[in-house]
Each structure stands twice: as structure tokens, then as C-alpha cells.
Amino acid sequence: MDIEKSENEKKLEKTNKRKCLLCVAAIFIVLFTSVLAFLVFHKSGKKAGEGIVLRLSEVHSDEYPTSLADKEFSRLVYERSGGRIKVEVYTDGRLFSDEPDALAALQAGELDFARISSAPICKFVPMLNVVNLPFLYRDDAHFLNVITGPIGQIFLDSIEKENVGIVGLCFYDSGSRSLYMKKEIHSVEELEGMKIRIQVSPTMNDYLLSCNATGIIGIATHEVYDKILNGIVDGAENNIPTYQTMGDYLAAPYYIKTNHARVPDILVASSSLFEKLPESDVELIKECAMETELFQIKRWAEKEEKSAEIISKAANVVELTDEELSGFREKAKGVYKQYEAEFGDLIERIKNEEP
Ligand code: BDP
């Protein structure tokens, strides 16, 4: 009797196990197909019968000038496509908080657009290093003339020509970058030995090397405050609006006005997206992006003024004398040498650009 019972029990156990396995298999199949459907939808950016939904990644906050331009781009595309193409803008780094990651996603066709700095693209598009060379521009007007004019178009075209999975749509103003740190310095000699957080930027890396300092990469813009506060780096470099909005001035209260580089921001699309869209939609998107260039430049000027006012009260802005500045300029010469052989004519053309 006992033996019979235990055999029945064994049978029951077996059936239960089989049921369990079937259940697990069913759950697995449902999960697998949903993930697959999600991936297919996001890769193609298409939803049957509902037009096209695309995603744009942005690290800055909602009211920052580039975010306003992203939203203007989205509005124009939606309107001009008669509501067929919707670009969802994800600000504050909600999609990608690190720009090199956003760039990789664009190249893999997993993201449609990103507004990023031109710096991380230089690794893939050597010509773009030229636009970021230290102490290249005389002033705002000179810089803006270059990025919005025919030379700017040469740089944008160079991105598509390199065939590295991205298309440059337009440049945005990002002002000029200066160093900031926990202490006041006036000379390039005082920079020696310091660890400065930089973007993934070959020109900035080389510039700091020639100043006998070290450029530290791998820190996203949102993490700079924390890394300075905790002594992982001695300082960083950026424009005043980023220094203010990211709260970096609270960790590094000395903003040393070196104005050493102008690194334009840029709106980029994934080449895989453009391969999938009809030519007319690609043209429509390119046109809308171009129209946001001047829109952003105006918002930038307003923001720069507001941020400068806040920073003048909340931090210490260190103005340098011409002599002190010339020490910083001098160190840039070595950086130019590396690019002169290949891009000498372009560098000259930029220097001679009016005004
Ligand atoms: C800001 C750019 C932003 C970069 C940041 C940086 O607008 O795109 O992420 O610099 O230094 O000026 O990483």
C-alpha cells in the first residue's frame, strides 16, 4: 500500500514538474517575443498605422538653450510632416547621460538623434578636431561666422563622408570654455600636475599635456561636481552656462577665464535611420534642423548673460591679464603642429574668416 502510494506520489510529482516546465517555457516565449517586438519597433522607429516615433537624447536640462532647440526641431518636423514624424526629446540625460554612449547608440542604430558636443565625434572624424583647436577664434562673431557659414558646412559634410554611422545636421553655439577649480590660479605654470576633467577630446588632451597637466576622460558632465568635490580631479573646463546649471561652481568656486577653446555643440542623426527613410523625409529633417541653428544661437546669448550674472555673485570669476593669457596661448602651438600637415589650409581659412 505504502509502495503504491509513493508511486502515485511520484507520478503526481512528475506531472507537476512537466506543468511547471511548460509554464516556464510559456513565460519565456511571451517575454522573448515582447523584447523582440520592442527592439524591432525601436530600431525601425515605426509603429504600424501611427506614423514614425523617433528619439532624441540630450544631457542638458529642459530650459537649457540646446534643449529648447531640440524641442523646436521636434516641433518643426512634426508640423512639416503633417504629424507623421514625431521626435521625442529626452532631456537631462534620461536616455544617455554620457555622450560617447549616445554616440555609440546612434552608430548602432539604437538611437535616432542626439544633441551632443562635437568633441567626442573627433575620434571618428579627424577633420572635426580643427573646429575645436585651442585659441583658434578671435571672438564670438568669428566663431559664429565659421560654424554657421560655408566652413561649418564643410565640417558637417565631413561627418557624413567618414561613413561612421552618423550624420551631422547643424551646429549650436556653446560659447567658450575656461578652466575651473578649487583654487585661484593666474599662470599656466600653476596648472602643472593638476588633473582636469575633459571631454573625450584629442585636442584638449594634447593641450593639457603641453601644459604639463593631465586630462581625465570618462566622467560624464553630470558627474563633474561630485568628482571635484571628492578630489578625484582638481578641476574641469567648460562654458559658464554649464558651470552654472550643473552646479559645478559649488565644488570649484574659481572660474579662471582662459577662454581656451570653443567647442560647438551639434545635432546628429543615426545613418541607419536615414537609410530607412525616404529621401524626402531625410531632406525635411535636415531642413528643420538647420532652421534651429539661429534659434539656438539667440537662446544661447540670453542664457550666457543670465548665467554670467548668477556666477558673478555665486563664484569667483578670475580675469587674466594679457601677459598671463599669453602663457596659456603659447602652450597651444604644439597642438596645431599635429593638424597642420593634413588640415593646414582649412586652419588658415578659418583664421582669415571675417569678421
Ligand atoms: C557642454 C556641452 C555638453 C557636454 C559638456 C561636457 O553642451 O554637450 O556634455 O559640455 O563637457 O558644454 O561634457
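Counting convention: from 1, in listed order, for ligands and their atoms alike.
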Inset, instruction - Please check if atom NZ in Lys183 has more than 12 non-hydrogen atoms from other residues, nucleotides or ligands closer than 6.0 Å. - result: no
Inset, instruction - Report the part of Thr66 in contact with ligand 1, treating N, CA, C, O as backbone and CB onward as side chain, heavy atoms under 4.0 Å; options are side chain, backbone, both, neither. - result: neither
Legend entry - Side chain, backbone, both or neither: the part of Asn238 lying under 4.0 Å from ligand 1 by heavy atom: side chain
Inset, instruction - Would you please determine whether Arg115 falls within less than 4.0 Å of ligand 1 on a heavy-atom basis? - result: yes
Legend entry - Pairs where residues 295-311 contributes a residue and the test salt bridge (Lys or Arg N to Asp or Glu O under 4.0 Å) is met, not counting sequence neighbours: Glu309-Lys313
Legend entry - Residue pairs, two or more places apart or on separate chains, that pass salt bridge (Lys or Arg N to Asp or Glu O under 4.0 Å) and touch residues 233-243: Arg177-Glu237
Legend entry - Tyr64 and its side chain to side chain donor-acceptor pair (under 3.5 Å) partner, picked from Thr242, Asp92, Asp70: Thr242
Inset, instruction - Output, in order, the C-alpha distance, side-chain angles, deciding distance and verdict of salt bridge (Lys or Arg N to Asp or Glu O under 4.0 Å) for Glu110 and Arg55. - result: CA-CA 9 Å; Glu110 284 157 5; Arg55 298 180 308 157; over 6 Å; no
Legend entry - Atoms of ligand 1, numbered as shown, that sit under 4.0 Å from any heavy atom of Asp265: 2 (C), 7 (O), 8 (O)
Inset, instruction - Heavy-atom contacts with Ser117 under 4.0 Å: which atoms of ligand 1 show up? List them by number with element. - result: 8 (O)
Legend entry - Protein heavy-atom partner closest to atom 6 (C) of ligand 1 - residue, atom, separation in Å: Arg197 NH1, 3.4 Å
Inset, instruction - Please work out which of Glu99, His60, Glu58 has its closest non-hydrogen atom nearest to atom 9 (O) of ligand 1. - result: Glu99
Legend entry - Close N or O approach (Arg177, ligand 1; < 3.5 Å): yes
Legend entry - Stepwise side chain to side chain donor-acceptor pair (under 3.5 Å) test for Tyr172 and Thr292: CA-CA 9 Å; Tyr172 290 145; Thr292 64; 2.7 Å; yes
